[in-house]
Amino acid sequence: MGQSVKHNLLAAFRYLLRPLVRIAIRNGIAYPDFAGMVQDAYVNVAAAQLKAAARDPTPDAISIMTEVSSDDVRELLLSPNDAKLGEAEQKINAAARVLVGWHTDREYIGPYGLVRDLPFARTDVPGKRDIRGFVELAQRYCQGYPPQVLLDELVRTACVQDLGNGFYRALTRSYVPEQLSAESIRRFAQVVHNVIETLELNLRRSDSGLRRVERTVFADYGLPREALGAFDKYIRDRGQIFADDIDNWLSARSYEGQQDTVQTGIGFYHYVVNEEDERDFGKTLRVEGVKDEK
């Protein structure tokens with residue numbers, strides 16, 4: 001790797017880390033803890049690459065690739081993976097599935113496509129045993145997950161409203177967990193990871209037909225600051241329509257028990273450039289890139 005490429009990549013990593021470090025500092029994560037996780041990532045990625053190349057991922061081999069000491073590599077490989085949040089992931093998936101079912105399943109949609117308010121269970125409505133409730137919805141889309149626990153979570157996160165008359169109303173189609181809960185942290189990490197994973201894959205693939213879709217639309221000459229609110233509302237409205245269309249397409253083709261599946265989807269976000277970070281990144285790229293090519 002040329003020195004200019006190496007230095008520019010380091011400048012890019014520094015730029016990428018700034019918002020992550022802001023989150024870390026705000027939540028009491030000091031440099032040694034953060035550095036430890038970076039070291040762990042180096043060791044695990046190197047081990048995976050060695051396995052993919054049919055090589056034995058020994059501590060010495062990993063140490064040569066990463067320049068992490070063999071003793072530290074050995075300790076990291078033997079340490080338990082405390083970052084696994086299986087319970088949080090289960091809660092996210094269950095909540096998301098039940099909300100999608102509530103908005104797309106014809107048995108839970110009333111006239112004109114409006115989402116119906118539901119009782120907790122069909123037996124809660126005297127004389128109307130044919131009315132399906134939240135229990136039946138949860139059993140259809142989240143089998144094995146306690147309906148009451150799931151409903152409590154949706155009410156707690158303001159995705160569902162308790163109307164006070166025995167019925168519940170879906171307020172949103174998307175499950176957004178509480179800020180800085182285990183669920184929200186996992187969701188944040190997955191979104192950032194998936195974006196970077198797509199970009200990393202596209203950097204490796206020269207054939208455009210093998211690249212994943214990645215598009216950015218921006219104002220060539222900037223947007224008047226007073227128009228930012230209107231733009232935010234516009235993309236929320238249009239983005240929800242787009243998200244619903246994609247969600248419907250995926251829901252029609254995704255069934256429990258299918259074989260040979262791949263976890264896939266799309267994500268989109270609204271950004272406003274952090275000018276201080278941008279200036280620093282541009283300056284670092286120019287200085288390092290020019291200097292190292294001399």
Query raised in the report: Between Q190 (side chain) and R187 (backbone), is there a donor-acceptor pair under 3.5 Å?
Result: no
Query raised in the report: Salt-bridged, D152 to R156, with N to O below 4.0 Å?
Result: no
Query raised in the report: Is any side-chain heavy atom of T104 closer than 4.5 Å to a side-chain heavy atom of R173?
Result: yes
Query raised in the report: Can you list every pair that meets side chain to side chain donor-acceptor pair (under 3.5 Å) and has a residue in residues 11-22, with sequence neighbours left out?
Result: R14-D280, Y15-E278, R18-D277, R18-D280, R22-D277
Query raised in the report: More than 12 heavy atoms of other residues, nucleotides or ligands under 6.0 Å from CZ of F218: is that the case?
Result: no
**Report entry** Short side-chain to backbone donor-acceptor contact, D247 and A243, under 3.5 Å
**Finding:** no
Query raised in the report: If you measure from the Lys or Arg side-chain nitrogens to the Asp or Glu carboxylate oxygens, is any gap between R212 and E197 under 4.0 Å?
Result: no
Query raised in the report: Ignoring hydrogens and geometry, is there a side-chain-to-backbone donor-acceptor pair from N44 to D40 under 3.5 Å?
Result: yes
**Report entry** side-chain contact (heavy atoms from CB on, under 4.5 Å) assessment of R116 paired with R169
**Finding:** CA-CA 7 Å; R116 291 198 294 108; R169 176 172 297 166; over 6 Å; no
Query raised in the report: What do you reckon, is CZ of F268 surrounded by more than 12 foreign heavy atoms closer than 6.0 Å?
Result: yes
**Report entry** R97 side chain vs Y141 backbone, donor-acceptor pair below 3.5 Å
**Finding:** yes
Query raised in the report: Can we say E200 and R204 salt-bridge, meaning some charged N sits less than 4.0 Å from an Asp/Glu carboxylate O?
Result: yes
Query - Sidechain-backbone polar pair: T66 side chain, I62 backbone, donor-acceptor under 3.5 Å - result: yes
Query - Under 4.5 Å side-chain linkage, directly or through intermediates, the cluster mates of L203 - result: none
Query - ring pair (Phe, Tyr, Trp, His ring centres under 6.0 Å) against F231, all qualifying residues, sequence neighbours excluded - result: H270
Report summary line: Per side-chain contact (heavy atoms from CB on, under 4.5 Å), V160 is matched among L118, T172, L99, V98 by L99
Report task. Kindly indicate, with the supporting measurements, whether the criterion side-chain contact (heavy atoms from CB on, under 4.5 Å) is fulfilled by R253 and W249. Result -> CA-CA 7 Å; R253 293 163 176 80; W249 193 96; 3.3 Å; yes
Query - Any donor-acceptor N/O pair, E136 side chain to G133 backbone, under 3.5 Å - result: yes
